[in-house]
Amino acid sequence: MSRLLRDTLEEWASEARVPHDLADRALRRRAWLPIGATVLAVGLAVAVAVFAFGLRGDNTTVRPATDGVSVPVRPTVTSTDVRGDEENAPPRKLVAAGNVALSAYSVTKTEKLEGNWVRDQRVWSLYDPRDDTYEQTPWVWVDVAPGLQLAAVVEGDLIGKKVGILDMNTRQIKTWIGLEHAVGSVVWSPDGTKVLATAYSEYPDRWQVWGKDARTMTMPESTRIGYYIIDVATGEAAYHELGPMSGDGSPGNSNARQDLGWSLDGSLLWQPSNIKPDKVFLDLDGRQRAAPVGDQYVYYTGRSRVSPDGKLVLGRDGPPTSITDRSGAVVGKQSALQLLAWADNDNALALGCTGKCGNGFDSGLVLVSVDGSRVTQLTGSHDRNNDRWDWVLTPRN
């Protein structure tokens with residue numbers, strides 16, 4: 001990735017810039033049911049000339065006042081036991097199975113504002129390895145690095161201009177990276193050395209509702225303006241302008257939140273589309289690239305649909321769900337709403353019900369075998385009429 005701007009105020013002043021913030025690890029959506037918004041994202045009014053044609057401005061690189069962070073060696077997982085908290089949703093105690101742990105989660109509350117406006121606001125809780133519980137945090141976004149030793153957090157009011165690198169064990173911020181533009185999400189690279197932060201000029205998770213039943217909604221145009229790639233070891237944050245995808249193209253995106261993600265090997269980025277193909281891949285400088293061979297995902301996540309041994313593939317949302325071999329032949333069906341991630345070669349984490357749910361959609365996290373014969377409850381059932389919660393699943397090593 002090129003570094004076009006040096007750390008001097010003179011060069012910063014010479015750069016032309018544009019201002020900046022599924023629910024879903026992504027689009028704003030329920031954990032099990034993606035929401036297709038009904039508004040066109042045709043670009044920011046303040047930057048139509050730039051974004052309408054998909055052009056990017058010059059890169060900028062910000063160096064923090066403090067040094068970077070020494071990235072810890074990824075641990076060797078000595079325990080792949082199943083851990084659950086089947087009485088609570090969201091959980092209070094560690095949830096994990098195989099090489100996957102629930103590292104953080106957010107509870108989303110919908111707030112009424114003036115002028116028929118409403119917005120979603122997330123309250124984040126983060127895994128605490130000192131006592132295997134989850135601790136509520138003040139951050140506006142949280143993501144955990146593979147290995148569960150570092151977390152990236154955003155400080156601010158809904159969106160923010162400070163990204164912190166948190167030591168999971170000591171609960172101390174190892175460094176703060178100050179940014180010129182506010183960011184609305186952060187996500188770690190697969191190798192745990194970089195953080196991708198999506199920048200917005202305004203908080204994206206807001207919309208207007210109309211009518212007594214509030215079933216008609218209008219979402220504003222996406223306010224995405226770019227992204228940062230933060231090198232954790234050096235603390236450098238390289239900014240790239242990238243306007244929102246249009247809602248009338250193919251691929252396209254009519255949602256206000258358009259967070260970026262990483263390819264499986266971390267060599268490319270992707271932006272979400274709600275029209276097939278569901279991802280548009282970019283190099284680290286924002287230039288469109290072909291989809292990587294074998295880069296298969298669960299819906300809008302960075303987790304591979306292919307089993308660790310490469311033999312099986314998680315299927316689409318249900319119910320029921322199915323798992324196939326690489327030829328597409330079904331090898332097992334499961335009574336689940338959504339298959340989320342492989343725990344090991346024989347079991348997957350899923351959104352489902354163990355028979356205690358009053359409604360099939362009032363489900364929780366479960367561990368299900370490939371043939372569907374074994375279902376282990378990991379969290380309590382979620383009542384879809386209450387505040388929703390969304391999870392972050394992270395490799396334990």
Side-chain angles (χ1 to χ4, degrees), residues 1-5 15-22 24-28 41 43-44 46-47 50-51 54-64 140-143 145 152-156 158-165 177-191 193-205 221-232 234-246 251 253 255-263 266-273 279-289 300-302:
M1 179 177 56
S2 60
R3 309 288 189 189
L4 300 183
L5 187 67
E15 294 296 327
R17 302 187 184 94
V18 181
H20 167 237
D21 170 342
L22 157 104
D24 273 285
R25 240 103 186 152
L27 302 174
R28 185 185 66 83
L44 297 174
V46 296
V50 176
F51 294 142
L55 299 179
R56 297 171 302 280
D58 292 333
N59 304 341
T60 61
T61 299
V62 178
R63 291 181 175 84
V140 299
W141 200 276
V142 169
D143 193 43
V153 303
V154 179
E155 181 181 73
L158 301 175
I159 57 178
K161 294 184 177 181
K162 289 179 67 177
V163 171
I165 304 300
I177 297 99
L179 306 175
E180 182 181 3
H181 306 285
V183 298
S185 71
V186 286
V187 59
W188 285 87
S189 62
D191 64 1
T193 65
K194 298 180 179 65
V195 173
L196 172 64
T198 305
Y200 294 89
S201 61
E202 293 184 64
Y203 183 62
D205 298 327
E221 298 173 356
S222 176
T223 58
R224 189 185 74 187
I225 61 169
Y227 61 93
Y228 287 93
I229 296 179
I230 300 170
D231 187 314
V232 176
T234 65
E236 292 185 358
Y239 178 69
H240 303 265
E241 293 179 353
L242 183 70
M245 297 183 71
S246 170
N253 195 331
N255 290 272
R257 179 173 284 276
Q258 297 185 20
D259 295 340
L260 303 180
W262 294 93
S263 65
S267 65
L268 297 176
L269 311 177
W270 58 263
Q271 55 179 332
S273 168
K279 296 174 187 67
V280 175
F281 287 88
L282 312 168
D283 65 20
L284 300 191
D285 290 319
R287 294 181 290 264
Q288 189 166 330
R289 293 290 184 256
Y300 287 120
T301 76

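Ala152 and Trp188 get closest at one heavy-atom pair: N-NE1, 3.3 Å. In terms of heavy atoms, Pro251 sits closest to Val280 at CG-CG2, 3.3 Å. Between Pro272 and Met245 the shortest heavy-atom distance is O-SD, 3.3 Å. Residue Ser185 comes nearest to Arg257 through the heavy atom pair CB-NH1, 3.9 Å, listed as atom of the first residue, atom of the second, then distance. Shortest non-hydrogen contact noted between Asn255 and Asn253 is N-OD1, 2.8 Å. The shortest heavy-atom contact between Ala256 and Pro204 is CB-O, 3.2 Å.
Note that CZ of Arg289 and OG of Ser267 are 10.5 Å apart. Values are rounded to the nearest 0.5 Å. How far CD of Gln258 is from OG1 of Thr223: 9.0 Å, rounded to the nearest 0.5 Å. Rounding to the nearest 0.5 Å gives a distance of 10.5 Å between CG of Asp283 and CD of Gln288. Separating the CD atom in Glu236 from the CD1 atom in Ile229 is a distance of 12.5 Å, to the nearest 0.5 Å. Between the CD atom in Glu180 and the OH atom in Tyr228 there is a gap of 5.5 Å [rounded to 0.5 Å].
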- Under the side-chain contact (heavy atoms from CB on, under 4.5 Å) criterion, do Trp141 and Val183 qualify, and how do the steps go? CA-CA 9 Å; Trp141 200 276; Val183 298; over 6 Å; no

- Step-by-step side-chain contact (heavy atoms from CB on, under 4.5 Å) determination, His181 to Tyr239: CA-CA 9 Å; His181 306 285; Tyr239 178 69; 3.4 Å; yes

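Shown here are the salt bridge (Lys or Arg N to Asp or Glu O under 4.0 Å) partners of Lys162, two or more places apart in sequence or in another chain: Glu155. With sequence neighbours excluded, the residues satisfying side-chain contact (heavy atoms from CB on, under 4.5 Å) with Val187 are Asp143, Leu196, Trp262.
Contact annotation: the side chain of Leu242 never approaches that of His240 to less than 4.5 Å [non-hydrogen atoms, C-beta and beyond]. When side chains are defined from C-beta on, Leu260 counts as touching Arg224, because their heavy atoms get closer than 4.5 Å. The closest side-chain heavy-atom distance from Ile230 to Val186 is not below 4.5 Å. Side-chain contact between Tyr227 and Leu269 is present, with at least one heavy-atom pair separated by less than 4.5 Å. Side-chain atoms of Val142 and Val153, non-hydrogen and from C-beta on, do get closer than 4.5 Å to each other.
A donor-acceptor contact shorter than 3.5 Å is absent between the side chain of Thr198 and the backbone of Asp259. Without hydrogens or angle criteria, Asp191 side chain to Thr193 main chain gives a donor-acceptor distance under 3.5 Å.
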